Trainee: 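I have a structure I would like to understand better, so I am pasting it below and will then ask my questions one at a time.
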Amino acid sequence: MEELPEYAERVLEVVELIPPGRVMTYGDIAEWLGEGGPRQVGRVLALYGGGVPWWRVVRSDGTLLPGHEVRAVGRYRTEGTPLREAPRGATGHVPRIDMRRARWDGMSTP
DNA sequence: GTGCTGACACAGG
DNA sequence: ACCTGTGCCAGCA
């Protein structure tokens with residue numbers, strides 16, 4: 001059985017609450033919990049994020065996790081997450097999240 | 001105790 | 001749009 005710190009459990013719980021097609025930033029989660037900071041949230045996901053939709057947690061500017069961009073973009077296309085598509089034909093360029101539309105404040109429940 | 005590191009955020013150039 | 005520096009908080013050598 002896992003002995004997760006309570007803070008980690010809270011973070012994971014919030015991440016699981018994020019509806020498909022939406023995203024939250026590390027800072028938003030920290031603020032939503034009212035405790036810790038973005039870096040702590042990031043650390044929790046790095047350690048225990050394997051069981052939650054980690055791709056729905058992005059940086060405030062909408063950039064994806066280094067090394068996991070391809071996997072994440074696959075999910076976004078499947079879930080219909082608003083992306084800022086690169087201008088036609090820009091090969092090698094990874095799309096970023098359209099934060100203005102995709103950001104979820106946690107208010108409207110799915 | 002001291003210092004570096006990290007799945008971050010923000011401001012400036 | 002990209003890179004750099006500074007601030008923040010916790011973990012680790």
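Given the structure is predicted, the values throughout are model-derived calculations rather than measurements.
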Trainee: Below 4.0 angstrom from OP1 or OP2 of C:dC2, is there any side-chain N or O of A:R96?
Mentor: yes
Trainee: Using a 4.0 Å heavy-atom cut-off to protein, can you give one letter per nucleotide of nucleotides 8-13 of chain C, 5' to 3': B if the base is in contact, S if only the sugar-phosphate is, - if neither?
Mentor: BBSS--
Trainee: Less than 4.5 Å apart, any side-chain heavy atom of A:V73 and any of A:P95?
Mentor: yes
Trainee: Please identify which of these residues, A:L64, A:L83, A:T63, meets the side chain to side chain contact (heavy atoms under 4.5 Å, CB included) condition with A:V94.
Mentor: A:L64
Trainee: Whole angstrom is fine here: how far is it from CG in A:L33 over to P in B:dC8?
Mentor: 17 Å
Trainee: Hey, can you pull the residues of residues 46-67 of chain A with a non-hydrogen atom under 4.0 angstrom from DNA chain B?
Mentor: A:A46, A:W54, A:R59, A:S60, A:L65
Trainee: Taking all atoms of both residues into account, what is the closest heavy-atom pair of A:V41 and A:Y7, and its distance?
Mentor: CG2-OH, 3.7 Å
Trainee: Rounded to whole angstroms, how far apart are CD1 on A:I29 and P on B:dC8?
Mentor: 12 Å
Trainee: Working to the nearest 0.5 Å, report the span between CD of A:E85 and NE2 of A:H93.
Mentor: 10.5 Å
Trainee: Just list the side-chain donor-acceptor pairs under 3.5 Å for residues 11-24 of chain A, sequence neighbours left out, or say none.
Mentor:
from	atom 1	to	atom 2	distance (Å)
A:R22	NH1	A:R101	O	3.1
A:R22	NH1	A:R103	O	3.4

Trainee: As an exercise, state the distance from CZ of A:R71 to CH2 of A:W55, rounded to the nearest 0.5 Å.
Mentor: 10.0 Å
Trainee: Between C1' on B:dC8 and CG on A:L45, what's the gap in Å once rounded to a whole number?
Mentor: 12 Å
Trainee: When A:V57 is tested against each of A:V52, A:L45, A:L65, A:T25 for side chain to side chain contact (heavy atoms under 4.5 Å, CB included), which residue passes?
Mentor: A:L45
Trainee: Closest heavy-atom contact between A:Y26 and A:P38?
Mentor: CB-O, 3.9 Å
Trainee: Please state how far atom CE in A:M99 lies from atom P in B:dC10, giving the value in whole angstrom units.
Mentor: 10 Å
